[in-house]
Protein chains: 2
Amino acid sequence: MTNQPIQLDDVFHALGDPTRRAVLERLSKKPAPVSELAALFDMALPSFMQHLNVLEECGLARSSKAGRVRTYQLEPKALRAAEQWMAKHRAIWEVRLNQLDDYLNKMKETDR
Amino acid sequence: MTNQPIQLDDVFHALGDPTRRAVLERLSKKPAPVSELAALFDMALPSFMQHLNVLEECGLARSSKAGRVRTYQLEPKALRAAEQWMAKHRAIWEVRLNQLDDYLNKMKETDR
DNA sequence: CATATAGTTAGGCCTATGACTAACCAACCC
DNA sequence: GGGTTGGTTAGTCATAGGCCTAACTATATG
């Protein structure tokens with residue numbers, strides 16, 4: 001059982017690539033085998049596999065093999081960790097977002 | 001006015017470094033000049049400045065210079081973009097998180 | 001004006017990342 | 001058994017990332 005503590009570094013790093021985010025979006029619908037996922041991207045298989053490995057190693061996805069088919073699915077724990085980091089700071093952000101809203105509203109008024 | 005569309009790639013990439021997250025956490029309290037931020041890290045100034053540049057370029061922070069002092073502050077827009085990406089997929093995650101909870105609860109029961 | 005302070009620029013260095021091809025293993029399936 | 005399909009491993013390559021030192025610019029301040 002790979003039960004390492006979740007490394008935010010790795011999770012955010014993984015999210016920093018559009019291919020990997022797209023894979024996650026696809027997986028958020030339902031699990032899928034490698035070939036089906038790979039078909040969505042114009043990339044050599046081994047290159048694509050690396051992305052899958054990144055997702056799995058940082059805990060965003062999980063896979064299991066049946067016969068010769070490996071199926072990937074989302075793994076919520078890492079996402080949860082990333083969310084928690086954001087949530088931890090959300091209160092402060094929201095103050096600032098509200099300030100932004102106020103500002104934008106003021107702009108709107110000034111605008112007419 | 002640098003008003004580029006926010007690149008999720010860059011925002012998540014920026015969040016993938018512990019130094020940069022720590023800077024954001026510090027900035028979430030209040031704006032601070034370079035020297036004050038730099039003092040928190042055991043790193044040569046130019047190296048640290050690169051992190052500040054990354055934060056500014058991806059839109060997570062903003063800076064302005066008064067005299068010889070450059071002050072940094074949070075910039076909500078990029079954070080909002082990252083949050084929106086997460087929010088867009090949150091519903092699905094939460095289903096899965098609930099499934100996880102169910103699973104864990106089942107485990108607990110089996111456990112006694 | 002001389003010196004200290006706050007940042008900045010330039011350049012080098014090493015590792016990590018992301019992509020590729022080629023060759024390989026392991027099921028399936030006729 | 002032999003070919004086909006699905007995935008994996010190995011090895012290469014170029015670029016980007018993160019760190020450093022040294023040298024520089026621009027503002028204070030005595």
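Order of the sequence lines fixes the chain letters, A, B, ..., with proteins taken first and strands second; residue numbering starts at 1 for each chain.
Taking CE from A:Met49 and CE from A:Met43, the interatomic distance works out to 13.0 Å, rounded to the nearest 0.5 Å. Here the CG-CG distance, from B:Leu60 to B:Asp10, works out to 9.5 Å after rounding to the nearest 0.5 Å.
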Please list, one pair per line, the donor and acceptor atoms closer than 3.5 Å that link side chains of residues 12-26 of chain B to other protein atoms, with sequence neighbours excluded.
residue : atom : partner : partner atom : Å
B:Asp17 : OD1  : B:Thr19 : N            : 2.7
B:Asp17 : OD1  : B:Arg20 : N            : 3.1
B:Arg20 : NE   : B:Ala14 : O            : 2.9
B:Arg20 : NH1  : B:His51 : ND1          : 3.1
B:Arg20 : NH2  : B:His13 : O            : 3.3
B:Arg21 : NH1  : A:Asp9  : OD1          : 3.2
B:Arg21 : NH1  : B:Leu15 : O            : 2.7
B:Arg21 : NH2  : A:Asp9  : OD1          : 2.8
B:Glu25 : OE2  : A:Trp85 : NE1          : 3.0
B:Arg26 : NH1  : B:Lys30 : O            : 2.9
B:Arg26 : NH2  : B:Glu36 : OE2          : 2.7

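For B:Ser35, the side-chain contact (heavy atoms from CB on, under 4.5 Å) partners are B:Pro33, not counting sequence neighbours. In this structure, the side-chain contact (heavy atoms from CB on, under 4.5 Å) partners of A:Ala44, at least two apart in sequence or on a different chain, are A:Pro46, A:Ser47. Looking at residues two or more places apart in sequence or on another chain, you find a side-chain contact (heavy atoms from CB on, under 4.5 Å) between B:Arg62 and B:Gln73, B:Glu75.
If you walk DNA chain D from 5' to 3' and mark each nucleotide with an atom closer than 4.0 Å to a heavy atom of chain B, the marks span D:dG17 to D:dA28.
Computed from coordinates, the A:Asp10 CG to C:dA16 P distance equals 12 Å when rounded to whole Å. Across the protein-nucleic acid pair, A:His13 atom NE2 and C:dT15 atom C1' stand 13 Å apart, rounded to whole Å. Spacing between atom CZ of B:Arg70 and atom C1' of C:dT5 amounts to 16 Å, rounded to whole angstrom units.
For residues 37-56 of chain A, no residue pair satisfies the salt bridge (charged side-chain N to carboxylate O under 4.0 Å, His left out) rule, not counting sequence neighbours. Sorted by first and then second residue, the ring-ring contact (aromatic ring centres under 6.0 Å, His included) pairs involving residues 20-43 of chain B (not counting sequence neighbours) are B:Phe41-B:Phe48.
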- Sequence-aligned protein contact record of nucleotides 20-29 of chain C, with B where the base is within under 4.0 Å of a protein heavy atom and S where only the sugar-phosphate is: BBB----BS-
